[in-house]
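Read through the structure below, which is laid out as structure tokens, and then see the notes.
Just the heavy atoms: all of them, side chains too, but no hydrogens, waters or symmetry mates, feed the values below. Letters go in sequence order (proteins before strands), and every chain restarts at 1.
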Amino acid sequence: MPTPFQFELLHVDRHTGARRGRLHTPHGAIETPVYMPVGTQASVKAVSPDELNDLGAQIILANTYHLHLRPGEALVQEAGGLHGFMRWDKPILTDSGGFQVFSLAELRKIKEDGVHFQSHLDGSKRFLSPEVSIGVQEKLGADIIMQFDECTAWPCDEKTAEQAMQRTLRWLTRCLDAKTRDDQALFPIVQGAFFPELRSAHAKAVAHLDVPGFGIGGLSVGEPKDVMYAMLEQVCPALPEDKPRYLMGVGTPDCHIEGVIRGVDMFDCVLATRVARNGTLFTRNGRVVIKNAKYAHDFGPIEEGCDCYACRNFSRAYIRHLFKAEEILGLRLASLHNLRFLTRQMEDIRAAIEQDAMVDYMNEFYRTSARGTW
RNA sequence: GGAUGGGUUCCCGAGUGGCUAAAGGGAGCAGACUGUAAAUCUGCCGUCGACGACUUCGGUGGUUCGAAUCCACCCCCAUCCA
């Protein structure tokens, strides 16, 4: 019986170093590399837990800040935690609210003690700190919880980056001190913006800690992809091999591949579901904007050979019609397809790593959808 | 037959002498979206050899330096009265 949150490194691709692993949690094991759908408000938008299960999702995210505001962690706890509340019995990861420090920039004020927010719902003043975030996350009851961090923007000057990094480090100590449950895994988050020295320094500063895994934050916030990849090359080698690495907020299929070959094990991203709701579909040949007139008479599936519910049953022409007519089924089908696309991508990546064939997988990927397509 | 109100760019609908190729909305077309304030947001939307030119506001003729806007006649639509 594996110890809680044990990470088994099952295989490393001989040519790229891509990792095939298994992370144990109280709600089951997660095969890595993994893509984790995002359900900010305890719901992956437009998709039911059964559907997530059917398309192969292993773990989903929820958000501390949003659930703290509504319905409040006390209610979720009363419902039996997130698992009981949203009827998802596989692993859940909650983000700490750190990203909202970044994305709700106009509505917050950062201090050493914590961050004062003005609620986007009713304008009321709210406060989030390492202690508050951990307290909320313990009530929400996810399997993996994240430290409260300070995420910086692109571009970012070095002084700001270092201050945010140092603060994130100090906040980590407070998060670890505030933590009381031992059935939840707390991941530190590596910051450092786009400065290689800061990135590796931060990674080294947390690498020795007795924590079950690591988040890599502050990336894919607008910087060129090559910059992000360069940062991963600083961070991953500095982290212990026997712990999972979670690249937060990424992303696109090509970023997943580039992340995996640099040693990333876990990814999450709203892109697939957001873009789906806006009518963009992922295919092996790149994005398909289904609303475009050229699909009006296209009676083939979104993607030939795709095993998702949408592709098995409906045509591009029909889904385009649903979007034009603003029928809710359209965005549901698109969401199901994109989520299946990414979960299948990870299934394929895992299989490729096991056979030391990650290079072949990558070459085939870039053959059908050239760099820049995404 | 009479009265009244109307006919505006694909549709609806502002505009009543120059600042009007003509508000606004819809439709249409295209783009964006990476730890979700997002079923959202942005752009285009008369034509062209396009920082300029040309053609448009039911039709014809007229007034005027200048008209979708004023005048005359005609055509059509709606409602009401006979």
Side-chain angles (χ1 to χ4, degrees), chain A residues 35-47 59-67 69-70 93-108 117-123 126 133 137 142 144-154 168 187 189-191 214-225 227-228 245-256 258-259 264 266-282 287 289-296 320 322-335 338 342 374:
Chain A
Y35 163 72
M36 310 183 281
V38 182
T40 303
Q41 308 198 69
S43 169
V44 176
K45 294 184 191 297
V47 180
I59 167 174
I60 60 177
L61 262 68
N63 185 274
T64 298
Y65 174 78
H66 289 281
L67 293 173
L69 291 188
R70 182 174 61 192
L93 181 155
T94 44
D95 187 25
S96 62
F99 184 73
Q100 279 62 43
V101 176
F102 161 76
S103 67
L104 300 175
E106 309 94 76
L107 294 173
R108 52 74 169 154
F117 286 94
Q118 190 160 13
S119 163
H120 66 279
L121 296 175
D122 62 5
R126 301 307 179 108
S133 177
Q137 294 191 77
I144 300 171
I145 64 177
M146 302 304 295
Q147 83 152 104
F148 189 60
D149 66 328
E150 183 181 348
C151 180
T152 50
W154 163 270
T168 296
F187 282 23
I189 298 174
V190 175
Q191 290 290 346
F214 300 88
I216 303 167
L219 293 175
S220 71
V221 291
E223 78 281 10
K225 290 180 179 182
V227 173
M228 176 172 84
R245 300 123 182 207
Y246 161 32
L247 176 54
M248 307 180 74
V250 175
T252 57
D254 59 332
C255 287
H256 287 162
E258 299 295 337
V264 175
M266 304 163 71
F267 304 83
D268 81 282
C269 195
V270 305
L271 187 72
T273 44
R274 174 181 291 170
V275 127
R277 273 175 274 121
N278 295 328
T280 297
L281 304 162
F282 290 172
R287 299 189 189 195
V289 180
I290 200 65
K291 284 190 274 194
N292 285 178
K294 60 182 166 182
Y295 302 118
R320 172 180 136 90
L322 294 177
F323 268 95
K324 300 299 285 184
E326 296 183 69
E327 280 294 340
I328 200 165
L329 180 60
L331 78 216
R332 280 186 23 75
L333 294 175
S335 298
N338 281 357
L342 292 185
W374 297 95

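The nucleotide B:rU79 finds its pairing partner in B:rA3, both defining distances of the Watson-Crick or G-U wobble pair being shorter than 3.5 Å. If you check B:rC73 for Watson-Crick or wobble pairing at under 3.5 angstrom, you find it paired to B:rG59. Across all strands shown, the partner of B:rA32 is B:rU40, judged by Watson-Crick or G-U wobble contacts whose two distances both fall under 3.5 Å. Pairing for B:rG24 goes to B:rC12, judged as Watson-Crick or G-U wobble with the two contacts each under 3.5 Å. Pair assignment for B:rG18: B:rC65, on the basis of Watson-Crick or G-U wobble contacts that are both within less than 3.5 Å.
Separating the C1' atom of B:rA38 from that of B:rC57 is a span of 40 Å, rounded to the nearest Å. Using atom C1' as the reference point in both B:rC77 and B:rU8, the two lie 15 Å apart (nearest Å). Going from the C1' atom of B:rU34 to that of B:rA30 covers 22 Å, rounded to whole Å. When the C1' atom is compared between B:rC45 and B:rC11, the two are found 14 Å apart, to the nearest whole Å. The gap from the C1' atom of B:rC19 to that of B:rC71 amounts to 25 Å, rounded to the nearest Å. One P atom belongs to B:rU56, the other to B:rU9, and the distance between them is 14 Å to the nearest Å. The gap from the C1' atom of B:rG61 to that of B:rC75 amounts to 15 Å, rounded to the nearest Å. As rounded to the nearest Å, B:rA23 and B:rC10 have P atoms that lie 14 Å from one another.
In this structure, A:His120 and A:His66 have perpendicular ring planes: the angle between them is above 60°, well past the 30° mark.
Atom P of nucleotide B:rA37 and atom CG of A:Leu67 are separated by 12 Å, given to the nearest angstrom. With rounding to whole Å, A:Lys324 atom NZ is found 9 Å from B:rA27 atom P. What separates CG of A:Leu342 from C1' of B:rU34 is a distance of 11 Å, to the nearest Å. The distance between atom OH of A:Tyr35 and atom C1' of B:rU34, rounded to the nearest whole Å, is 10 Å.
A:Lys45 comes within 4.0 angstrom of a nucleotide base, judged by non-hydrogen atoms across all strands. No engagement by A:Leu247 is indicated, since no non-hydrogen atom pair under 4.0 Å with the nucleic acid exists. Counting non-hydrogen atoms under 4.0 angstrom, A:Ile189 reaches a base of the nucleic acid. Counting non-hydrogen atoms under 4.0 angstrom, A:Glu223 reaches nothing in the nucleic acid. No engagement by A:Ser119 is indicated, since no non-hydrogen atom pair under 4.0 Å with the nucleic acid exists. Using a 4.0 Å heavy-atom distance criterion, A:Asn292 is classed as a sugar-phosphate-only contact. Within 4.0 Å of A:Arg320, counting heavy atoms only, lie sugar-phosphate atoms of the nucleic acid but no base atom. Among the heavy atoms of the strands lying under 4.0 Å from A:Asp95 is at least one base atom, whether or not backbone atoms are also near. Contact annotation for A:Leu107: base contact, defined as any heavy-atom pair under 4.0 Å involving a base atom. Counting non-hydrogen atoms under 4.0 angstrom, A:Glu106 reaches a base of the nucleic acid. A:Leu121 comes within 4.0 angstrom of nothing in the nucleic acid, heavy atoms only. Residue contacts for A:Arg332: at a heavy-atom cut-off of 4.0 Å it reaches no nucleic acid atom on any strand shown. Within the nucleic acid shown, A:Gly218 comes within 4.0 Å of at least one base atom, counting heavy atoms only.
Ring centroid separation for the pair A:Phe267 and A:Tyr246 does not come in under the 6.0 Å cut-off.
Residue A:Gln41 places none of its side-chain N or O atoms closer than 4.0 Å to OP1 or OP2 of B:rU36. Not one side-chain nitrogen or oxygen of A:Arg274 sits closer than 4.0 Å to the OP1 or OP2 atom of B:rU40. Using a 4.0 Å cut-off, some side-chain N or O of A:Ser103 falls inside it from OP1 or OP2 of B:rA37. The shortest distance between the side-chain N/O atoms of A:Asn278 and the OP1/OP2 oxygens of B:rA38 is not below 4.0 Å. In this model, the phosphate group of B:rG35 is not approached by any side-chain N or O of A:Asn63 to a distance below 4.0 Å at OP1 or OP2. Taking only side-chain nitrogens and oxygens, A:Lys291 never comes nearer than 4.0 Å to OP1 or OP2 of B:rG31. Distances shorter than 4.0 Å separate some side-chain N or O of A:Arg287 from OP1 or OP2 on B:rC33. Phosphate proximity of B:rU36 to A:Thr40: present, with a side-chain N or O under 4.0 Å from OP1 or OP2. A close approach under 4.0 Å does occur between a side-chain nitrogen or oxygen of A:Gln100 and OP1 or OP2 of B:rU36.
Using a distance-only test at 3.5 Å, with no hydrogens or angles considered, a donor-acceptor pair links the side chain of A:Arg320 to the main chain of A:Lys291. Side-chain N or O atoms of A:Asn292 include none that pairs as donor or acceptor with a backbone N or O of A:Lys294 at under 3.5 Å. Looking at A:Thr64, its side chain does come within 3.5 Å of a backbone N or O of A:Asp95 through a donor-acceptor pair.
For the residue pair A:Thr280/A:Asn278, the side-chain donor-acceptor check at 3.5 Å is not satisfied. With 3.5 Å as the limit, one finds no donor-acceptor pair spanning the side chains of A:Gln41 and A:Asn63. Side-chain atoms of A:Thr94 and A:Gln137 include a donor-acceptor pair closer than 3.5 Å.
The side chain of A:Met248 has B:rG35 as its nearest neighbour among B:rC29, B:rG35, B:rU36. Distance from the side chain of A:Val250 is smallest to B:rU34 among B:rG35, B:rA37, B:rU34.
Residues A:Met266 and A:Ile144 are in side-chain contact: their nearest non-hydrogen atoms beyond the backbone lie under 4.5 Å apart.
Comparing A:Gln147 and A:Arg277 against RNA chain B, the residue whose closest nucleotide sits nearer the 5' end is A:Gln147.
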